[in-house]
Amino acid sequence: MTTASAIHSVDLPSGEPIPILGQGTWGMAEDARRRDDEIAALRLGVDLGMTLIDTAEMYADGGAEGLIGEALADRRDELFLVDKVLPHNATRSGTPTSCERSLRRLRTDRLDMYLLHWRGQVPLEETIDAFTRLVDRGLIRHWGVSNFDLADLSDLTRIPGGTAFETDQVLYNLTRRGIEWDLLPRCREAGLPIMAYSPFEHGRMINHPTLEEIAAAHRVTPAAVALAWVLRQDHVATIPKAGTPEHVRENRAAYELQLTEEDLAVLDRAFPPPTGPRPLEVL
Ligand code: NAP
C-alpha cells in the first residue's frame, strides 16, 4: 500500500468521529457477474480505511445490504454502517420492521446511523418517534436525514426530539454546488457534518475536460480530482461508490491529492459556485 496518511474524521454532533471518505453501494448487487469484484472492492476499501459504508433498503431491493453482509460481516466492528429507510416505510410501526429486516440482511445487530432517505408523506413526528425508540433498543446508534433542504431541517428541529439528528446526506459535487450558498454554511455553524453523495455525479462527470486537464498535471485520474475537491472541505464526508478494487485504490489515493489554489480557481470557472439560493437538487 502506497497511501501515506490515515483518513481523518469529522465529528458528529454527539462527538463521535466518522471518516470523511467512505464507500457507497447504490448499484451494487444488481449484476451477479460483478459480485466478486464488488465484494473485493468493499473489503479492500475497509483495508484502506474507508470504513464508513453507506447503503439503503432501496438499493437492489435489499440486495446491496445482503452483499455488504456477505462481504463484511466478519469485519463489523471496524465499520461505521449507514442505512436508510424508505419514506413510505418510515411510520411508527414500519420503521422498526424495516430496520430489523435490514439488520438481518446486513448480518449485524446494530446500525451506526439510520437515515430517512427523503421526506415523504409520513409525518416527521412518527419517524422521529420510531428512530428514538430504535436508539433506546440499541438497534441504531444515531439517526439522521437525507435530501433535506434548510426548510425541511427547520421543520425537523421544531418537533420534539427532532434536534437529535446527526447528519444530512445530500447531493454534492462540482456540478451541484447549490448547498454552498446556505445549507452547507448553516450546517457548519451548527457543527453538523454533511454526507456528500454522488461525488462523481453518478459517474457522469468523470470525462469532463477540465478534470482531465488538472488530472494530467498531477498525474492522477479525473475522478481523483473530483473527489479531492469534495474531500478538501470542512464538515463534509463523502461516499463514492466503486465496484472494482482498482477504482477503490484510485479513490483512496485521491485523499492524498492536494489541489492548488490555481486548480481551485480553474475548477470555479468551469463549475461556478452558486450566486444565490437554489432548491436542493437530488438524484
Ligand atoms: P458516484 O459515487 O458519484 O459514482 C459512481 C460511479 O463512478 C460508478 O459508475 C463507478 O463505477 C464510478 N467510479 C467510481 N470510482 C471511480 C474511479 N476511480 N474512476 C472512474 N470511475 C469511478 O455515484 P453514486 O453511486 O450515485 O453515489 C455514491 C453513493 O452515495 C451511492 O452509492 C449511495 O450509497 C449514496 N447515494 C445516496 C443518495 C441519497 O438519496 N441519499 C442518492 C445517491 C447516492 P464502478 O462501479 O465501475 O466502480
Side-chain angles (χ1 to χ4, degrees), residues 3 20-31 33-42 44-45 48 50 52-60 62-65 67-68 79-87 90 102 106 111 113-120 143-149 152 165 167-176 179 194-208 211-212 215 218 220-231 236-257 280-283:
T3 42
I20 64 160
L21 178 59
Q23 304 185 72
T25 61
W26 184 24
M28 289 191 179
E30 286 179 357
D31 180 348
R33 290 166 301 181
R34 295 199 66 182
R35 194 170 186 89
D36 289 349
D37 257 356
E38 289 166 351
I39 289 174
L42 286 170
L44 175 65
L48 298 178
M50 296 155 71
L52 187 155
I53 308 291
D54 179 77
T55 193
E57 63 173 342
M58 186 184 91
Y59 301 160
E65 294 172 327
L67 184 129
I68 294 167
L79 308 180
F80 189 92
L81 212 42
V82 181
D83 207 334
K84 307 182 206 83
V85 60
L86 278 165
S102 293
L106 287 161
L111 298 173
M113 176 75 80
Y114 204 25
L115 306 177
L116 174 60
H117 207 149
W118 64 90
R119 190 173 179 177
W143 65 270
V145 291
S146 178
N147 297 303
F148 269 43
D149 209 342
D152 301 309
F165 76 103
T167 193
D168 188 5
Q169 185 179 112
V170 293
L171 176 60
Y172 184 50
N173 62 49
L174 273 161
T175 69
R176 311 276 196 163
I179 65 165
I194 284 287
M195 216 176 269
Y197 72 71
S198 305
F200 307 129
E201 184 62 15
H202 207 57
R204 288 185 287 268
M205 64 183 280
I206 279 163
N207 297 324
H208 193 284
L211 295 182
E212 288 182 345
H218 287 278
V220 296
T221 61
V225 176
L227 196 53
W229 181 86
V230 177
L231 282 168
V236 177
T238 191
I239 43 173
K241 178 260 183 180
T244 65
E246 186 195 1
H247 281 169
V248 168
R249 274 204 182 80
E250 284 178 21
N251 296 346
R252 177 60 176 85
Y255 180 80
E256 311 298 329
L257 172 61
L280 181 65
E281 296 177 286
V282 300
L283 272 198

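Please read these numbers as outputs of a predicted model, since none were measured by experiment. Counting starts at 1 for both ligands and their atoms, in listed order.
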For atom 15 (N) of ligand 1, the protein heavy atom that lies nearest, with its residue and separation: N251 ND2, 3.2 Å

For ligand 1, is there an atom lying under 4.0 Å from some heavy atom of T221? no

Tell me, which pairs form a salt bridge (Lys or Arg N to Asp or Glu O under 4.0 Å) where one or both residues lie in residues 197-208, sequence neighbours left out? R176-E201, E201-R204

For atom 32 (O) of ligand 1, what is the nearest protein heavy atom, given as residue, atom name and distance? W26 N, 2.8 Å

Structural part of E250 in contact with ligand 1, heavy atom criterion under 4.0 angstrom: side chain

With a 4.5 Å cut-off on side-chain heavy atoms, are L67 and T25 touching? no

For T238 and A196, indicate whether the former's side chain and the latter's backbone hold a donor-acceptor pair under 3.5 Å. yes

N or O pair under 3.5 Å between G243 and ligand 1: yes

Note: ligand 1 atoms sitting under 4.0 Å from heavy atoms of A223 are 17 (C), 18 (N), 19 (N)

4.5 Å side-chain heavy-atom contact, H202 and W26: yes

Given V220 and V225, is the side chain to side chain contact (heavy atoms under 4.5 Å, CB included) satisfied, shown in steps? CA-CA 8 Å; V220 296; V225 176; 4.1 Å; yes

Would you please determine whether G27 falls within less than 4.0 Å of ligand 1 on a heavy-atom basis? no

Under 3.5 Å: donor-acceptor pair, side chain of E65, backbone of T55: no

Below 4.0 angstrom from a heavy atom of Y59, which ligand 1 atoms are there? Numbered from 1 as shown, please. 33 (C), 34 (O), 35 (C), 36 (N), 37 (C), 38 (C)

Audit row: E57, S102, side-chain hydrogen bond (donor to acceptor under 3.5 Å, both in side chains) steps and yes/no: CA-CA 7 Å; E57 63 173 342; S102 293; 4.8 Å; no

Side chain, backbone, both or neither: which part of E201 has a heavy atom under 4.0 Å from ligand 1? backbone

Sub-4.0 Å heavy-atom approach of M205 to ligand 1: no

Which residue from R249, H117, H247 reaches closest to atom 11 (O) of ligand 1 through any of its heavy atoms? H247

Could you tell me whether a side-chain N or O of N251 sits under 3.5 Å from a main-chain N or O of V248, the two making a donor and an acceptor? no

State plainly whether the residues K84 and D54 are in salt-bridge range, i.e. N to O under 4.0 Å. yes

One finds that the ligand 1 atoms under 4.0 Å from a non-hydrogen atom of D54 are 33 (C), 34 (O), 35 (C)

For R34, the ligand 1 atoms with a heavy-atom partner under 4.0 Å come out as 45 (P), 46 (O), 47 (O)

Can you figure out which of Y197, W118, F200 has its heavy atom closest to atom 30 (O) of ligand 1? Y197

Side chain, backbone, both or neither: which applies to P199 and ligand 1 if a contact is any heavy-atom pair less than 4.0 Å apart? both

As an exercise, identify every atom of ligand 1 less than 4.0 angstrom from a heavy atom of K84. 41 (N)

Between Y172 and V236 (side chain of the first, backbone of the second, donor and acceptor by atom type, cut-off under 3.5 Å), is there such a pair? no

Any N or O of G203 that comes nearer than 3.5 Å to an N or O of ligand 1? yes

Is there a side-chain contact between L211 and L174 (heavy atoms, below 4.5 Å)? yes

Can you name the closest pair of heavy atoms from A215 and P222 and give their distance? CB-N, 3.5 Å

Using side chain to side chain contact (heavy atoms under 4.5 Å, CB included), reason through T244 and R34 one step at a time and then give a plain yes or no. CA-CA 9 Å; T244 65; R34 295 199 66 182; 3.9 Å; yes

Do any nitrogen or oxygen atoms of T25 come within less than 3.5 Å of a nitrogen or oxygen of ligand 1? yes

Which residue and non-hydrogen atom of the protein lie closest to atom 23 (O) of ligand 1, and at what distance in Å? H202 CA, 3.2 Å

Decide whether the shortest distance between a heavy atom of Q23 and an atom of ligand 1 is less than 4.0 Å. no

Taking only heavy atoms of P240 into account, list the atoms of ligand 1 that are under 4.0 Å away from them. 2 (O)

Answer with side chain, backbone, both or neither: which part of S198 has a heavy atom less than 4.0 angstrom from an atom of ligand 1? both

For I206, the ligand 1 atoms with a heavy-atom partner under 4.0 Å come out as 20 (C), 21 (N), 22 (C)

Near I239 (heavy-atom distance under 4.0 Å), the atoms of ligand 1 are 28 (C), 29 (C), 30 (O), 35 (C)

State, with a plain yes or no, whether a side-chain heavy atom of L21 is found less than 4.5 Å away from one of L227. yes

Which residue and non-hydrogen atom of the protein lie closest to atom 40 (O) of ligand 1, and at what distance in Å? N147 ND2, 2.9 Å

Just to confirm my output: which protein heavy-atom neighbour is closest to atom 2 (O) of ligand 1, and how far is it? K241 N, 2.9 Å

Heavy-atom distances under 4.0 Å are what count here, so tell me which part of V282 touches ligand 1: side chain, backbone, both or neither. neither

Rounded to the nearest 0.5 angstrom, the NZ-OH distance for K241 and Y59 is 11.5 Å

Verify, without hydrogens or angle tests, whether N147 (side chain) and H117 (backbone) share a donor-acceptor contact under 3.5 angstrom. yes

